[in-house]
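Naming: A, B, ... by sequence-line order, numbering from 1 per chain.
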Amino acid sequence: MVRIDGKVRRRPEGTLNPDLPTGEVEVYIDEIEVLGPAAELPMPVFGDQEYPEEIRLKYRFLDLRREKLHANIMLRGRVIDSIRARMKASGFFEFQTPILTASSPEGARDFLVPSRIHPGKFYALPQAPQQFKQLLMVAGFDRYFQIAPCFRDEDARADRSPGEFYQLDLEMSFVTQADVFDAVEPVIRGVFEEFADGKAVTPKFPLIPYAEAMAKYGSDKPDLRNPVIMQDVSEAFRGSGFKIFARILETAGNAVWAIPAKSGGNRAFCDRMNSWAQGEGQPGLGYIFWREGEEGGAGPLAKNIGPERTKMIADQLGLGVGDAVFFVAGKPKDFVKFAGLARTKVGEELGLIAKDRFEFCWIVDFPMFEWNEEEKKIDFSHNPFSMPNLSVEEFLALDANDHDKLLAIKAIQYDIVCNGVELSSGAIRNHRPEVMKKAFAIAGYPEETLEEKFGGMLHALSLGAPPHGGIAPGIDRIVMLLAGEENLREVVLFPMNQRAEDLLMGAPSEVTAKQLRELHIRLDLPKK
RNA sequence: GGGGGCGUAGCUCAGUUGGUUAGAGCGCUGCCCUGUCACGGCAGAGGCCGCGGGUUCGAGUCCCGUCGCUCCCGCCA
């Protein structure tokens, strides 16, 4: 680190360098001083050379000197500024909620903080300010937001930081789902338009019911940049010469879905997809493709089902010479995830994905309950505090044994999805204690359990709660998309590694015996 | 907790069918050059081939185990 005093001058003719931002000037040095000597760096700080995460994280302060990461972090700051300004301009007010709070029994694993004053008792770091923001609504603050830190002791993913992350947490009183959308969508769209760097942003986020998303895209977080849309083609295979599928279709509820692959009409591609599927643990991936001179369709399936049925499939999917189609068969619930992967794979392999876009949608109408096959009972399928999409009277009148009817109930719950990334989820909250009691009863929890675990919340709701709802877009994921990064660590200042270790600060770390004594804690470590 | 990939110089990587002394580029050190700007030239240092065990006359290479990093599943609003 040096200090240089001197005069900035124009470079002499012939030494100008238009490739450099400073290529027209130079400094004539009068004096130079070393302010902080530097040893050899463990990693160079220029260029886009890739380095192992371990070194990058251990020397994060060097990594942050690099242009890309520096720009990402600066972008993050500007995005947060923009979000905050947009929220305030929409009449939201920013609040701070506690970091040391109580452990909550549902959801993710808590980070616990032992209490010195109360031996044997623990605080927990909030998984989200969920209960506080609902209490704010009860308290009469009708438009809350916060750039809120959230703490969850769960395993990491590339798009999920271990330990902690940030949400744009917001909540509103006296609102419907549509009111929340009208408040949030302009903020998210505005921020993306502001920082999209020329990429197109969905002008009006379409609403896609959960069931439709699963049927068309095989995912509740579809990447709409991928034009591939799946269809049910069971009728083309029912009773056909392709016995494997014909037999599967004899079981009620089973189906055959088609994944169309425009421009994939060659054997090399179809074989590659088939081996990919086998690598994914599937028996294989049936296909038909069409090429010049074989308009009746090529591949083993086409031969088995004959030209008429093959044409039926081509017509239904709008496919022709040069195209291919893949099939998955069985119980949709079991194969839908793989079908979604195959759809993504087709899009990627054939270069069908429009990379220069931010494609948004709302996923709505999530099922309220789901069937737990192992325990043979009804479970909450997502958040137990969402309002069911029924009138209070209808919901209270439900028969807890009418499984078909219960499983068809939707919750007023919604996600924002962008380019296949789940950006946020929210809900209209269940603000009626009697509805909550009924919902928990359906899921098999006695009233005492509800009372014991959520008594405070329940009590608050019983003292005059407005209908309210909100959402919580993930800040890190927003910045990740805007920065064009695949990994959250590229948009976080001091991230932990996948094992939730901070290699720079050395966290987590052992503490002294004295500290433990003060906290009345004795360690009982696993034997190794 | 489970599965996949990776692990060779400070960094990025190569390393044949198992064969003698493990290489390259960048970086680093010294010297030379001095209108260069990813300068150039000469010379040089730097290796527990992640670790442990096994097979073999011989292992960076094959096998088993283990550790680390990473991606995914489980988990997670």
Query raised in the report: Between the side chains of A:E485 and A:N72, is a donor N or O closer than 3.5 angstrom to an acceptor N or O?
Result: yes
Requested in this report: Nearest whole angstrom, please: distance from the P of B:rC75 to the CZ of A:F151.
Outcome: 24 Å
**Report entry** Check: B:rC37 base within 3.5 Å donor-acceptor of A:R11 side chain
**Finding:** yes
Query raised in the report: Rounded to the Å, how far apart are A:D476 CG and B:rA77 P?
Result: 16 Å
**Report entry** A:R189 NZ/CZ over A:F205 ring centroid, <6.0 Å and within 45° of normal
**Finding:** yes
Query - Distance in angstrom units between A:E54 CD and B:rG68 P, rounded - result: 10 Å
Report summary line: So NZ of A:K88 and CZ of A:F145: to nearest 0.5 Å the spacing works out to 5.5 Å
Report summary line: Taken in chain and number order and not counting sequence neighbours, the residues that satisfy side chain to side chain donor-acceptor pair (under 3.5 Å) with A:E31 are A:R3
Query raised in the report: Going by the angle between their ring planes, with limits at 30° and 60°, are A:W362 and A:Y414 parallel, tilted or perpendicular?
Result: perpendicular
Query raised in the report: Thinking salt bridges, do A:K410 and A:D365 make one under a 4.0 Å N-O criterion?
Result: no
Report task. Round to a whole Å and report the spacing from CG of A:L20 to P of B:rC37. Result -> 10 Å
Requested in this report: Find the distance A:D19:CG to B:rU36:C1' and express it as a whole number of Å.
Outcome: 14 Å
Requested in this report: Determine the interatomic distance between P on B:rC13 and the same-named atom on B:rG30; round to the nearest Å.
Outcome: 29 Å
Query - Side-chain N,O (A:K221) to OP1/OP2 (B:rA77) below 4.0 Å - result: no
Requested in this report: When you get a sec, tell me which of B:rC76, B:rC71, B:rG74 is the closest nucleotide to the side chain of A:A108?
Outcome: B:rC76
Query raised in the report: Can you name the side chain to side chain donor-acceptor pair (under 3.5 Å) partners of A:D155, sequence neighbours left out?
Result: none
Query raised in the report: Listed by chain and number, what are the side chain to side chain donor-acceptor pair (under 3.5 Å) partners of A:T97, not counting sequence neighbours?
Result: A:Q146
Query raised in the report: Within 45 degrees of the axis of the six-membered ring of A:F494 and under 6.0 Å from its centre: does A:R60 put its NZ or CZ there?
Result: no
Query - Closest listed nucleotide, where the reference is the side chain of A:N487 and the choices are B:rG35, B:rU70, B:rC71 - result: B:rC71
**Report entry** Partner set under salt bridge (charged side-chain N to carboxylate O under 4.0 Å, His left out) for A:K216, not counting sequence neighbours
**Finding:** A:E212
Query raised in the report: When you check the gap from the basic side-chain N to the acidic O, do A:E24 and A:R10 get nearer than 4.0 Å?
Result: yes
Report task. Fill in the dot-bracket string of RNA chain B, one character per base: . for unpaired, | for a pair to another strand, ( ) or [ ] for pairs within the strand, taking Watson-Crick or G-U pairs under 3.5 Å. Result -> (((((((..((((.....[...)))).(((((.......))))).....(((((..]....))))))))))))....
Query raised in the report: For A:M368 and B:rA77, what is the distance between atoms CE and P respectively, to the nearest whole Å?
Result: 16 Å
**Report entry** Gap in Å between the two P atoms, one belonging to B:rG60 and one to B:rC49, rounded
**Finding:** 8 Å
Requested in this report: Assign A:K58 to base, sugar-phosphate, or nothing according to its heavy-atom contacts below 4.0 angstrom with the strands shown.
Outcome: nothing
Query raised in the report: Considering only heavy atoms from C-beta outward, does the side chain of A:V328 approach that of A:M230 to under 4.5 Å?
Result: no
Requested in this report: Remember a base hit wins even if backbone is also touched, and classify A:D169 as base, sugar-phosphate or nothing at under 4.0 Å, heavy atoms.
Outcome: nothing
Please write out each protein N/O paired with an N/O of nucleotides 4-11 of chain B under 3.5 Å, distance rounded to 0.1 Å.
from: B:rG10; atom 1: O2'; to: A:P42; atom 2: O; distance (Å): 3.1

**Report entry** Quiz item: A:E26 side-chain donor-acceptor pair to B:rG35 base, under 3.5 Å
**Finding:** yes
Requested in this report: Could you check which residues of residues 153-160 of chain A get a heavy atom under 4.0 Å from RNA chain B? Sort them by number, please.
Outcome: A:E154, A:D155, A:R157, A:A158, A:R160
Report summary line: Expected list for residues 415-426 of chain A near RNA chain B, using heavy atoms below 4.0 Å, is A:D415, A:E422, A:S425
Query - Partner residues of A:S103 under the side chain to side chain donor-acceptor pair (under 3.5 Å) criterion, sequence neighbours left out - result: A:D110
Query raised in the report: Which residue pairs pass the salt bridge (charged side-chain N to carboxylate O under 4.0 Å, His left out) test when at least one of the two sits in residues 161-183 of chain A, sequence neighbours left out?
Result: A:K133-A:D169, A:K133-A:E171, A:E171-A:R429
Query - Residue met sooner reading RNA chain B from 5', once A:L503 and A:G14 are mapped to nucleotides - result: A:G14
Query raised in the report: Under 4.0 angstrom, heavy atoms only, what part of the nucleic acid is A:Y28 near: base, sugar-phosphate, or nothing?
Result: base
**Report entry** Plane angle bin for A:F95 and A:F93 - parallel if under 30°, tilted between 30 and 60°, otherwise perpendicular
**Finding:** perpendicular
Query raised in the report: Looking only at atom types and distance, does a side-chain atom of A:R9 sit under 3.5 Å from a main-chain N or O of A:Y28, one as donor and one as acceptor?
Result: no
Report summary line: Whole-Å distance, A:L341 CG to B:rC73 C1', equals 11 Å
Requested in this report: Taking atom C1' in both B:rA9 and B:rG23, compute the distance separating them and give it to the nearest angstrom.
Outcome: 10 Å
Query raised in the report: For A:R9 and B:rG35, what is the distance between atoms CZ and P respectively, to the nearest whole Å?
Result: 16 Å
Query raised in the report: With no hydrogens and no angle check, is any side-chain donor or acceptor of A:R76 less than 3.5 Å from a backbone partner on A:M480?
Result: no
Report summary line: Expected list for residues 488-502 of chain A near RNA chain B, using heavy atoms below 4.0 Å, is A:R489, A:N497, A:Q498, A:R499, A:E501
Query - Residues forming a salt bridge (charged side-chain N to carboxylate O under 4.0 Å, His left out) with A:E154, sequence neighbours excluded - result: A:R109
